[in-house]
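The shown structure was predicted, so the numbers you read here are calculated from the model rather than taken from an experiment.
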Amino acid sequence: MFKLAVFLKPYKKECIIGPAFKLLEATFELLLPTIMALIIKNGVDKHNIDYVLKMGGVMLIMAILGFCSSMICQYYAARASQGFGTTLRNTIFKHISSLSYAEIDTLGASSLINRITNDVNQLQLAVAMLIRLVIRAPFICIGAIIMSMIMDFKLSMIFLAVTPIFAFILYLVISKSSPLYLKYQEKLDKIALILRENLSGVRVIRAFARTESEKKRFYDTNDDLTKTAIHVGKISALLNPMTSFVMNAAIIAILWVAGIHINIGRLSHGEIIAFVNYITQILLALIVVSNLVIIFTKAVTSAARINEVLETSTSIQHNESQIQHVISGTVPSIQFNSVSFAYNNTGDKVLEDISVTIKPGETIGIIGSTGSGKSTFVNLIPRFYDVTEGSIFVEGINIKDYQLYKLRDKIGIVPQKSVLFTGSIAENIRWGKQNATDEEVKAAAKIAQADEFISKLPEGYNTQVSRGGLNFSGGQKQRLTIARALVSKPDILILDDSSSALDFATDVELRRAITESSKSMTVLIVSQRASTIKQADKIIVFDGRHIAGFGTHKELMNNCEVYKEICLSQLSSEEASK
């Protein structure tokens, strides 16, 4: 948790003023039993009404001042805890945004969501309790013991005798519950993953009649989470009764001895009442401490999970230097030199010894069997992942030498899964270029063959996109994502199987419009359809993590068996020969 204390630096004032007022309230609270003892001794016993009223007024004023001090502390605690949480969430979100696909895959999206919400909330609560109670509770305990020692030193020794027992109880609960809180958070991540899969894949689940099996899967996971929660709850629940038992046993012993002291005249009635009040204050403070132990045990677990995210560094190292190299027109647009790639250090290679050169303005088709590395190949160009071996050049410069945002500014990407965001159609297209004019947005939509269906909508380009684009068909979403990539007029356009939901006529019109819109743009088309890529300038054929062929359609039909087999499985002999 101490590593996260840096996020409290902007709230130093709140962290000082809040506890200071809480100590003031605690001071008033500690003085009240002594004043009560004086009232009984000098007022009630002597029948002095004026003294009772005067000291009663002092007690009332102290109570009001204590209440005001408490409210001031609550205000500053709320400011500090909420500010801490906001700053921490922003930092985590910014850090997650800087991570590559590899780190996000390792940590898991569901776990990251839980950490930025549930774990941060737990730390916010800990910060609020830190300011409000962490100083107050020990101060009350120590202060009440000191005040009781002033009254009767021997009697107060009973408190000190039970302190080691109380410390042992705290240690026992913390040591047993802390690992269980970690397991609880991990199982909560698993629940979030199942929920995410079920909510995003609800149509598939219903289509395959898997509703009952998914219910059982969720119930089993939820029951497992419940068992862990009950187990840790049982351990935590022991803290209060054990603390109360020890302290009440101490109170019985104190009252027994106090009775003897009263009989021999060592203590007055007022002093014994004050002593009992101090005992009660100590007991209540220890109950607060018990609850704080549970809160901070949870917070320590949450802090460890958040630190794990913040300490995860991206494998994609950003280059902040300015590239001064002048690019000549003869330099290849994209060049792979002996590139190999694996998703982790111990896993099998997805791509191996890939070398290929793509010239500026060329349209390159990429085809191959499922899992042959087509999408991985194009994802390496914008550095979503870094190559394991070899190097990639864009316009003659190693992509690792680019500033990351400049490299990605050159590239327009349409991923396999069409992702749209809530907002209008125009706002979604402007993701590709924030300051794009209405004319540029419409022009990009026309090239993507999206203007036709957008114009028929009642609100046109101002039509709102629902969550995930559920109010559009698969083909419409694909065309909108293509328009989003085209609006910035990138030097390199990557279409990763982005026309799979389009009919053949629309697919042909789309490719023709892209070719006509920019002769200088290098286009990479990943597709499972031979008809989509057969007219490309060149075609890359992937087979088992290697390039099986590279050339025109006719060249590959003559010398690449893998490509020929794919074409003949989809096209007639006459169509394949054209």
Side-chain angles (χ1 to χ4, degrees), residues 316 318-337 339 354-366 374-387 391-416 429-437 439-441 443-448 479-499 510-527 533 535-540 550:
I316 307 295
H318 296 233
N319 182 16
E320 300 299 332
S321 62
Q322 296 289 332
I323 298 172
Q324 303 294 336
H325 188 65
V326 179
I327 307 300
S328 68
T330 58
V331 172
S333 178
I334 304 168
Q335 187 174 7
F336 279 64
N337 285 345
V339 169
I354 302 298
S355 295
V356 66
T357 299
I358 299 169
K359 295 177 182 177
E362 280 189 326
T363 297
I364 304 296
I366 302 171
K374 304 184 297 297
S375 294
T376 303
F377 175 82
V378 294
N379 282 334
L380 292 175
I381 299 169
R383 288 191 76 193
F384 291 153
Y385 299 95
D386 260 345
V387 298
S391 52
I392 302 172
F393 295 85
V394 170
E395 294 181 344
I397 300 171
N398 192 316
I399 58 172
K400 292 183 179 180
D401 293 333
Y402 275 98
Q403 292 179 342
L404 205 54
Y405 76 93
K406 286 191 175 181
L407 172 66
R408 292 175 180 171
D409 274 350
K410 290 178 172 290
I411 303 168
I413 302 171
V414 184
Q416 280 181 324
I429 294 175
R430 283 195 177 96
W431 270 69
K433 184 181 179 183
Q434 292 183 5
N435 59 350
T437 62
E439 290 74 20
E440 287 176 319
V441 169
K446 282 183 177 179
I447 297 169
R479 282 178 278 175
L480 289 175
T481 55
I482 292 168
R484 181 174 64 198
L486 287 169
V487 72
S488 63
K489 298 178 182 176
D491 296 332
I492 300 168
L493 177 65
I494 298 172
L495 304 174
D496 188 0
D497 206 11
S498 55
S499 59
L510 170 66
R511 283 183 279 113
R512 182 184 295 117
I514 290 173
T515 303
E516 291 174 355
S517 66
S518 178
K519 301 291 184 182
S520 61
M521 183 166 61
T522 304
V523 181
L524 280 71
I525 304 172
V526 178
S527 181
I533 53 96
Q535 301 301 327
D537 297 322
K538 286 183 181 176
I539 299 166
I540 302 174
F550 180 48

How long is the straight-line distance from [atom2] of [Y] back to [atom1] of [X], given to the nearest 0.5 Å?
X: S527; Y: K374; atom1: OG; atom2: NZ; result: 9.0 Å
X: T363; Y: R511; atom1: OG1; atom2: CZ; result: 10.0 Å
X: I358; Y: I381; atom1: CD1; atom2: CD1; result: 6.0 Å
X: L380; Y: Y385; atom1: CG; atom2: OH; result: 9.5 Å
X: I540; Y: L524; atom1: CD1; atom2: CG; result: 6.5 Å

I334 side chain reached by T357 side chain, heavy atoms, under 4.5 Å
no

With side chains defined as the heavy atoms from C-beta onward, is the minimum distance between K433 and R484 less than 4.5 Å?
no

Using the ring centroid of each side chain, check whether F377 and F336 are separated by less than 6.0 Å.
yes

Flag the pair E440 and R430 as a salt bridge only when some basic side-chain nitrogen lies within less than 4.0 angstrom of an acidic carboxylate oxygen.
no

Taking all non-hydrogen atoms of both residues, which atom of [X] and which atom of [Y] are closest, and how far apart?
X: A536; Y: G365; value: CB-N, 3.6 Å
X: I429; Y: A483; value: CG2-O, 3.9 Å
X: D537; Y: G361; value: OD2-O, 4.0 Å
X: R383; Y: K400; value: NH1-CA, 3.7 Å

Tell me, with the steps shown, if I411 and I494 meet side-chain contact (heavy atoms from CB on, under 4.5 Å).
CA-CA 7 Å; I411 303 168; I494 298 172; 3.8 Å; yes

Side chains of S375 and D496: do they bring a donor and an acceptor to under 3.5 Å?
yes

Result block: side-chain N/O donor-acceptor pairs under 3.5 angstrom for residues 485-493, not counting sequence neighbours:
none

